[in-house]
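To start, the structure itself, in structure tokens.
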Amino acid sequence: MTDSDDFLSSVRSAAIFGASGGIGQALTDLLVKRGIHVWAGSRAGNGQQSAHLTPFAFDLTDEQSVQEAAETMGENPPQLVIIATGVLTLAGGVGPERSYRKLDPAVMAKVFYLNTIGPAIIAKHIVPLLPRKERSVLAALSARVGSITDNGLGGWHSYRASKAALNMLLKNLAIELARTHKQAIIAGLHPGTVDSDLSKPFQSNLVDGQLTEPKESARKLLAVLNGLSADDSGSVFAYDGQLIAP
């Protein structure tokens, strides 16, 4: 990481996939305030369009919708892309599994699709828009629990495994893009425990001070991205800039 230059000051356009979530909305707001045009993606595609904000609709389980969204961005392609999607608990309160006895193939497939396959499909269609001769960043929200070497508790099987798989995909993407996009940076981001719908079922078990507001987490994540260099591509970083072990 380096603090030698300000990447965000050079960004003309950014894309947030998952802009209706707590962190996604906070990231969108902060970037717009910096005068950066933001393509703000959500399932409904709601939002008031302005000079610095263009809402768009996409469905993480529908590749065609992702492709169409990327094609629309061709008129003002992003230099910064953040995939702020993900799931911990499915509809109806299913998951995360605390024991192997609770493993369900259908639940696992859905978690993997939303946490791993969906972001991979976004990357498939958005990477061709990234500039080849300028600095660019594609980041995805991951999780510290996706680290294999840092796993001392076990449990949360589908969530942990899907985030570990996401981290591997990001590493693969970084290696591939290094051949064609010399200044591109691919990164995973651990946002901390954020006050959002994802963490709500587990907030009662948190110690005081562990919960972070979305705006504060978003501010820290942008600071981390701002300090990354091409040498950091393929790694996962926490909101405080700490490198997370694979």
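What you see is a predicted model; the values in this text were computed from it and never measured. All heavy atoms count here, side chains included; hydrogens, waters and symmetry mates do not.
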Gap separating the [atom1] atom of [X] from the [atom2] atom of [Y], nearest 0.5 angstrom:
{"X": "L80", "Y": "S136", "atom1": "CG", "atom2": "OG", "answer": "9.0 Å"}
{"X": "R43", "Y": "D62", "atom1": "CZ", "atom2": "CG", "answer": "9.0 Å"}
{"X": "T193", "Y": "Y239", "atom1": "OG1", "atom2": "OH", "answer": "7.5 Å"}
{"X": "H190", "Y": "L243", "atom1": "NE2", "atom2": "CG", "answer": "13.0 Å"}
{"X": "D231", "Y": "I185", "atom1": "CG", "atom2": "CD1", "answer": "9.0 Å"}
{"X": "I186", "Y": "L173", "atom1": "CD1", "atom2": "CG", "answer": "4.0 Å"}

| field | Qualifying residue, where the test is side-chain contact (heavy atoms from CB on, under 4.5 Å) with V81 and the options are V127, L130, L129 | value | L130

| message | So if I apply the side-chain contact (heavy atoms from CB on, under 4.5 Å) rule between R34 and each of V32, V38, I36, which one comes out positive? | response | I36

| Sequence neighbours excluded, which residues qualify as side chain to side chain donor-acceptor pair (under 3.5 Å) partners of S233? | none

| said: With side-chain contact (heavy atoms from CB on, under 4.5 Å) as the criterion, how do T89 and V94 come out once you've worked through the C-alpha distance, each side chain's angles and the decisive distance to 0.1 Å? | reply: CA-CA 6 Å; T89 304; V94 178; 5.7 Å; no

Do any pairs count as a side chain to side chain donor-acceptor pair (under 3.5 Å) and have a residue in [range], sequence neighbours left out, and if so which ones?
{"range": "residues 163-186", "value": "S142-N167"}
{"range": "residues 119-132", "value": "E63-K124, E63-H125"}
{"range": "residues 65-74", "value": "Q64-E68, Q67-E71"}

Any idea which heavy atoms bring [X] and [Y] closest together, and the distance?
{"X": "N46", "Y": "P55", "answer": "O-CB, 3.5 Å"}
{"X": "S162", "Y": "Y159", "answer": "OG-O, 2.9 Å"}
{"X": "A69", "Y": "A57", "answer": "CB-O, 4.5 Å"}
{"X": "L138", "Y": "I126", "answer": "CD1-CG2, 3.4 Å"}
{"X": "L228", "Y": "A187", "answer": "CD1-CB, 3.8 Å"}
{"X": "P119", "Y": "T85", "answer": "CG-OG1, 4.2 Å"}

Answer yes or no: is there a donor N or O on one side and an acceptor on the other, between the side chain of [X] and the main chain of [Y], under 3.5 Å?
{"X": "S147", "Y": "R144", "answer": "no"}
{"X": "N226", "Y": "F7", "answer": "yes"}
{"X": "S50", "Y": "L53", "answer": "yes"}
{"X": "W39", "Y": "N76", "answer": "yes"}
{"X": "T116", "Y": "A165", "answer": "no"}
{"X": "R160", "Y": "V145", "answer": "yes"}
{"X": "Q79", "Y": "E134", "answer": "no"}
{"X": "E97", "Y": "H157", "answer": "yes"}

| query | Given the rule in the side-chain contact (heavy atoms from CB on, under 4.5 Å) test, do L225 and I82 qualify, once you have shown the distances and angles that lead to the verdict? | reply | CA-CA 10 Å; L225 293 180; I82 302 178; 3.9 Å; yes

Would you kindly confirm whether [X] and [Y] end up in one hydrophobic cluster when ILVMFWY residues are joined by side chain heavy atoms under 4.5 Å apart?
{"X": "M168", "Y": "V236", "answer": "no"}
{"X": "I244", "Y": "L88", "answer": "no"}
{"X": "V66", "Y": "F112", "answer": "no"}
{"X": "V107", "Y": "L166", "answer": "yes"}

| field | M108, CE: over 12 other non-hydrogen atoms inside 6.0 angstrom | value | yes

| field | Neighbour count >12 (heavy atoms, 6.0 Å) for atom CD1, I148 | value | no

| All pairs passing salt bridge (charged side-chain N to carboxylate O under 4.0 Å, His left out) where residues 215-226 contributes a residue, at least two apart | E216-R219, E216-K220

| task | Would you please classify the geometry between the F56 ring and the F58 ring as parallel, tilted or perpendicular, with 30° and 60° separating the classes? | result | tilted

Please list, one pair per line, the donor and acceptor atoms closer than 3.5 Å that link side chains of residues 15-29 to other protein atoms, with sequence neighbours excluded.
from : atom 1 : to  : atom 2 : distance (Å)
Q25  : NE2    : D29 : OD1    : 2.9
T28  : OG1    : G24 : O      : 2.8

| request: Test I83 against L141 for side-chain contact (heavy atoms from CB on, under 4.5 Å), laying out the working first. | output: CA-CA 6 Å; I83 304 171; L141 293 190; over 6 Å; no

| field | salt_bridge(D232, R135) N-O dist < 4.0 Å | value | no

| field | Close side-chain approach of L114 and T61, heavy atoms under 4.5 Å | value | yes

| query | Stepwise, does the side-chain contact (heavy atoms from CB on, under 4.5 Å) test hold for D240 with V224? | reply | CA-CA 7 Å; D240 57 1; V224 171; over 6 Å; no

